[in-house]
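Just so it is clear: chains get the letters A, B, ... in the order the sequence lines come, proteins before strands, and each one is counted from 1. Because only heavy atoms are used, hydrogens play no part in the values below, and waters and symmetry mates are left out as well, while side chains stay in.
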Amino acid sequence: MCKNMPPIELAIQFHGHICPGLLMGVRAAEFAQKYLGVGQDYDEELLAVVETDACAVDAIQAILSCTFGKGNLIFKDYGKHVYTIASREQNKAVRIAQKYGALNGSEFERYRQLAAKDHLTDDEISEKEQLIGVLFEKIMTASFEELFDWREIPFEMPERARIHGSIRCDGCGEGVMEARAVHTDKGIFCSPCATE
Amino acid sequence: MCEANVYINRSGHEELLMEKVDRIIPGEDNNIFMENIFGERRVVQARIREMELVHHRVILEEISAEIKTPHAEIWLEPSTDHGHFHEGEEVKLKLYKGYNMSSDAELGLNNPGAYTVSEGVAKELDIHDHHGTAEINLGPELDGLIQVYVHEQGEQERYAKTVIEVGHHHHHGLTSIGLPLEITPCDYSHARMGESYEIQVLKEGNPLPNAEVRATYSSTNSRDYPHRLTTNEEGRAKIFLTARGNYLFSVQDGSIISTFTLMKSF
């Protein structure tokens, strides 16, 4: 494996395909690195708070290494293309918000129409491929100001993610994280068993 | 004319493409964007053939009609999708014939010759059959930037060229190898997605202006070349790399077709 794979390759390999949303995430992640003077996270030095679960978040996970599993990716289901990236070492955080209408335009509209279709004709496959190329260039060559607003914000870094032990569920017998176990009069249950 | 019906001419037959169109914007790469009064939008690869303003008709001509009889070309593809080879790694190239990086085994190769060029000296390479595909094995002992080309003679003379990078940190400029028609990278370095890449077309060693250079990539699903570039006065053309996989550039001048495979790097 060669070192220094460019951010865009990291994002595409993680996400699996190229799409405008992913590229917006690439721009946001690269900007955050530059603004905060950081690279890729190793062990929760960085934290990302994302307000959407759309494609861009995969770029943030891949490029910044703020990941769901590591506990330094916090998802707030607001349906907004807003990403707050904080650095523990730099004691600094930047809130990056996609501008309303940043992805408007006839080509973006047509791309969305095609992306929403279950089946594409050969012509539509070619058309979609052409559009991705056009949109790719637009997103990656646009000034950051055209696409996003950003500001530095006060941010209190949370403690590093804890590792909890598991206990046995009295219902299914499977292990459940201690902090997530439901204690009842009938025993200790995992969440699905507790609601049955 | 308020709005018009847009038709497309396919093999001499007109087909209604979109009704009540009130906006037509020709774009790059022969794309035409259309929008009608119902808000429907469409992009097609075509050119405007005729506008009957009185009858509210716009007739497009399908560009893909051109590819039904494409000129076959030959091209080289490295055996890695990694962008370069590592020191000690066996360097293999596959030789294909077809169009738009889609090989057509039925076309057959007409006794092609393969060569590697170093400091102006060409050394012949062996081309052998490997499970029905022509392959060139350069061995595991290479290092640096190596230019390889294949020449197929005939009524249509075909050339295929590529630059192989073995090891890292070979960010040097490259000189042409002196083919009658040659595509050469302007400033060789790691070519990556999201960056511009410039090539130069040389004819007998001199820049060829106003030449159409077709560009495609190995991950394309299009039947025809997705990009068509035109060289400037210095014979140069630039493309923004937006796709995964290696890129292929192809140029034709008279009876010569010459290709250049760009190994895209990570």
Output the distance between atom [atom1] ([X]) and atom [atom2] ([Y]), rounded to the nearest 0.5 Å.
X: I139(A); Y: T242(B); atom1: CD1; atom2: OG1; result: 11.5 Å
X: N221(B); Y: E124(A); atom1: CG; atom2: CD; result: 13.5 Å
X: R244(B); Y: H17(A); atom1: CZ; atom2: NE2; result: 11.5 Å
X: I8(B); Y: D123(A); atom1: CD1; atom2: CG; result: 8.0 Å
X: K138(A); Y: F240(B); atom1: NZ; atom2: CZ; result: 13.0 Å
X: R223(B); Y: D122(A); atom1: CZ; atom2: CG; result: 6.0 Å

Would you check if [X] and [Y] make a side-chain contact, meaning some heavy-atom pair closer than 4.5 Å?
X: F33(B); Y: E109(A); answer: no
X: M140(A); Y: E195(B); answer: no
X: S106(A); Y: E35(B); answer: no
X: L114(A); Y: R42(B); answer: no

Is the count of non-hydrogen atoms from other residues, nucleotides or ligands lying under 6.0 Å from [X] atom [atom1] greater than 12?
X: F68(A); atom1: CZ; result: no
X: R160(A); atom1: CZ; result: yes
X: E145(A); atom1: CD; result: yes
X: I163(A); atom1: CD1; result: no
X: E174(A); atom1: CD; result: no
X: K34(A); atom1: NZ; result: no
X: R168(A); atom1: CZ; result: no
X: K94(B); atom1: NZ; result: yes

Does any heavy atom of chain A fall under 4.5 Å from the side chain of I25(B), the backbone, both, or neither of them?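 Answer is neither: I25(B) stays 4.5 Å or more from chain A.
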Segment of S196(B) engaging chain A (4.5 angstrom heavy-atom cut-off):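 Nothing of S196(B), per the 4.5 Å heavy-atom cut-off to chain A.
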Shortest non-hydrogen separation from S219(B) to E129(A) and the atoms involved: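 Shortest heavy-atom separation between S219(B) and E129(A) comes out as O-OE1, 4.3 Å.
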Let's go through K128(A) and V43(B) carefully: what are the C-alpha distance in whole Å and the side-chain angles of both, what is the deciding distance for side chain to side chain contact (heavy atoms under 4.5 Å, CB included) to 0.1 Å, and is it a yes or a no? CA-CA 9 Å; K128(A) 189 178 170 196; V43(B) 179; over 6 Å; no
If only side-chain N and O atoms count, and only distance matters, is there a donor-acceptor pair under 3.5 Å linking Q130(A) with S222(B)?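 Absent: no donor and acceptor within the cut-off.
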